[in-house]
Amino acid sequence: MSIPVVTTIELQSLPKLTSGKVRDLYEIDDKTLLFVTTDRISAYDVIMANGVPQKGAILTQLTAHWFKVLGERIPGLKTHFISLTPPPSVSDEDKALIRGRSMQVRRLKVFPIEAIVRGYITGSAWNEYQKTGTVHGIPQPAGLQQCSPFPKPLYTPSTKAELGEHDENISPEKAAEIVGEKYAARIEELALKVYTTAAEYAREHGIIIADTKFEFGLDEETDDIVLIDEVLTPDSSRFWPASEYEVGRDQDSFDKQFLRNWLTKEGLKAKDGVEMPQEIAEATSARYKEAFKLLTGKTLEEALGEL
Ligand code: ATP
Ligand code: MG
């Protein structure tokens, strides 16, 4: 039996608060959300008309795995994770729609910045470096090659754009203006710590995390900074197979590269409502599953069987 690809979900049991590019957020109570990940995929900030098979489950189960690993390796780390099981108020019919793709999370005030950490020079950072010798305006040593590691991981925050807008790079000083001095340094420190810890774990499992994006929330009762959202998935990160890694060239990544290459080839980059051919959707799903297996040591089916 083939599993349906789900791009829109309308649960009957809970009120929907918002929809992002990939996720729908439902209200459980004042302090708790049901975080539902669909199979939607965005590339160049535009959502495709059709979805990627099992993507929502892959991202949800991988994020839960990371929360467990990070919790073990970073004493005192706070995350928004509560449970992979929906609350009893969700009907059986709704439970079937969100199987494997939902997470109960703590509802928090979101800091409106994207905490990006880069361990390796690629993408827009590589383009900037070739022109100016800087990344995010920060001077870098001469002689870095494409995809070289940075001497140490770089924190390069950006704004969190509204749907349809583009994120904008900002300096750490501007980030401090947005989130407040008091929290900016703690967010930077935590983002670097989580990246470094995850990069080490991933390397033990055959994956290089070239860069990634975190979001953080504030627990207003304790004043703690909390790791929220999805973490360290192929949507929020560039994952490279360690066995094929070589400096001086582009890497074959585990993320949306198939889709981006196809969009570029067809001249459909950043166009609305594009439908991917089935083979592109399937190839993307297969890549996401491969990364899942390497990082968790389980197939997605095994992980879902344990729920
Ligand atoms: P993209 O991830 O591509 O930038 P997006 O930001 O629109 O797209 P989605 O991943 O589709 O995001 O939706 C998740 C939304 O939920 C984000 O706006 C994120 O800030 C928010 N969010 C994540 N965790 C929490 C939380 N614990 N409490 C409140 N909001 C949260
Ligand atoms: Mg998101």
Side-chain angles (χ1 to χ4, degrees), residues 6-9 11 14-48 51-52 55-64 66-67 70 77-84 87 98 101-116 123-124 156-170 178-179 183 187 190-191 194 211-222 224-238 255-256 259-260 270 272 284 288:
V6 179
T7 53
T8 41
I9 301 175
L11 297 186
L14 297 173
K16 193 190 265 184
L17 291 176
T18 49
S19 279
K21 289 196 279 292
V22 174
R23 296 180 175 75
D24 298 335
L25 271 54
Y26 291 87
E27 178 177 61
I28 298 173
D29 58 43
D30 296 358
K31 295 196 165 146
T32 325
L33 297 175
L34 191 67
F35 200 63
V36 177
T37 307
T38 68
D39 297 327
R40 296 196 286 270
I41 187 162
S42 70
Y44 302 111
D45 285 336
V46 181
I47 305 163
M48 299 295 119
V52 168
K55 178 169 173 281
I58 299 166
L59 299 188
T60 303
Q61 302 304 315
L62 184 56
T63 293
W66 276 119
F67 282 144
L70 295 168
L77 178 74
K78 303 271 188 310
T79 80
H80 72 162
F81 180 79
I82 299 175
S83 168
L84 282 169
I98 56 171
R101 62 170 85 245
S102 84
M103 190 184 278
Q104 287 192 61
V105 303
R106 298 173 59 204
R107 182 178 191 171
L108 298 162
K109 189 173 138 200
V110 178
F111 287 108
I113 57 165
E114 316 230 309
I116 297 165
S124 61
T156 60
S158 78
T159 57
K160 224 172 103 58
E162 299 292 321
L163 202 60
E165 311 264 306
H166 292 280
D167 296 338
E168 214 183 293
N169 283 347
I170 48 174
I178 297 173
V179 303
Y183 299 115
I187 290 175
L190 202 49
V194 175
D211 49 36
T212 194
K213 177 202 89 175
F214 300 113
E215 291 192 31
F216 291 96
L218 179 66
D219 181 332
E220 291 174 285
E221 280 166 28
T222 60
D224 279 319
I225 293 171
V226 184
L227 181 60
I228 63 167
D229 205 52
E230 66 176 329
V231 288
L232 300 151
T233 71
D235 265 17
S236 67
S237 325
R238 278 196 181 88
D255 58 21
K256 305 172 187 171
L259 175 57
R260 292 202 193 102
D272 272 322
T284 305
Y288 273 54

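Both ligands and their constituent atoms are indexed starting at 1 by order of listing.
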Hey, is Asp167 touching ligand 1 through its side chain, its backbone, both or neither, going by heavy atoms under 4.0 Å? neither

Which ligand 1 atoms does Glu215 reach within 4.0 Å, using its non-hydrogen atoms? 19 (C), 20 (O)

Run the contact test for Arg40 against ligand 1 with a 4.0 Å cut-off on heavy atoms, strictly below, and give the result. no

Short list, please: which atoms of ligand 1 are under 4.0 Å from a heavy atom of Val110? 20 (O), 29 (C), 30 (N), 31 (C)

Measure from the side-chain N and O atoms of Ser237 to the backbone N and O of Thr212, and report whether any donor-acceptor pair falls under 3.5 Å. no

Note: Thr18, heavy atoms under 4.0 Å from ligand 1, region reported as neither

Looking at ligand 1, is there an atom of it that comes within less than 4.0 Å of some heavy atom belonging to Lys109? no

Region of Asp229 that comes within reach of ligand 1 [heavy atoms, distance under 4.0 Å]: both

Part of Arg106 within contact of ligand 1 (heavy atoms, under 4.0 Å): backbone

Only one of Thr79, Asp219, Thr32 passes side chain to side chain donor-acceptor pair (under 3.5 Å) with Arg106; say which it is. Asp219

I need the minimum non-hydrogen distance between Glu114 and Thr159, along with the two atoms involved. CG-O, 3.4 Å

Within the 4.0 Å heavy-atom cut-off, what His80 brings close to ligand 1 is side chain

Exam field: side chain Lys21 to backbone Val46, donor-acceptor pair closer than 3.5 Å: no

Check ligand 1 against Leu25 and write out every atom of the ligand that is under 4.0 Å from a heavy-atom position of the residue. 16 (O), 30 (N)

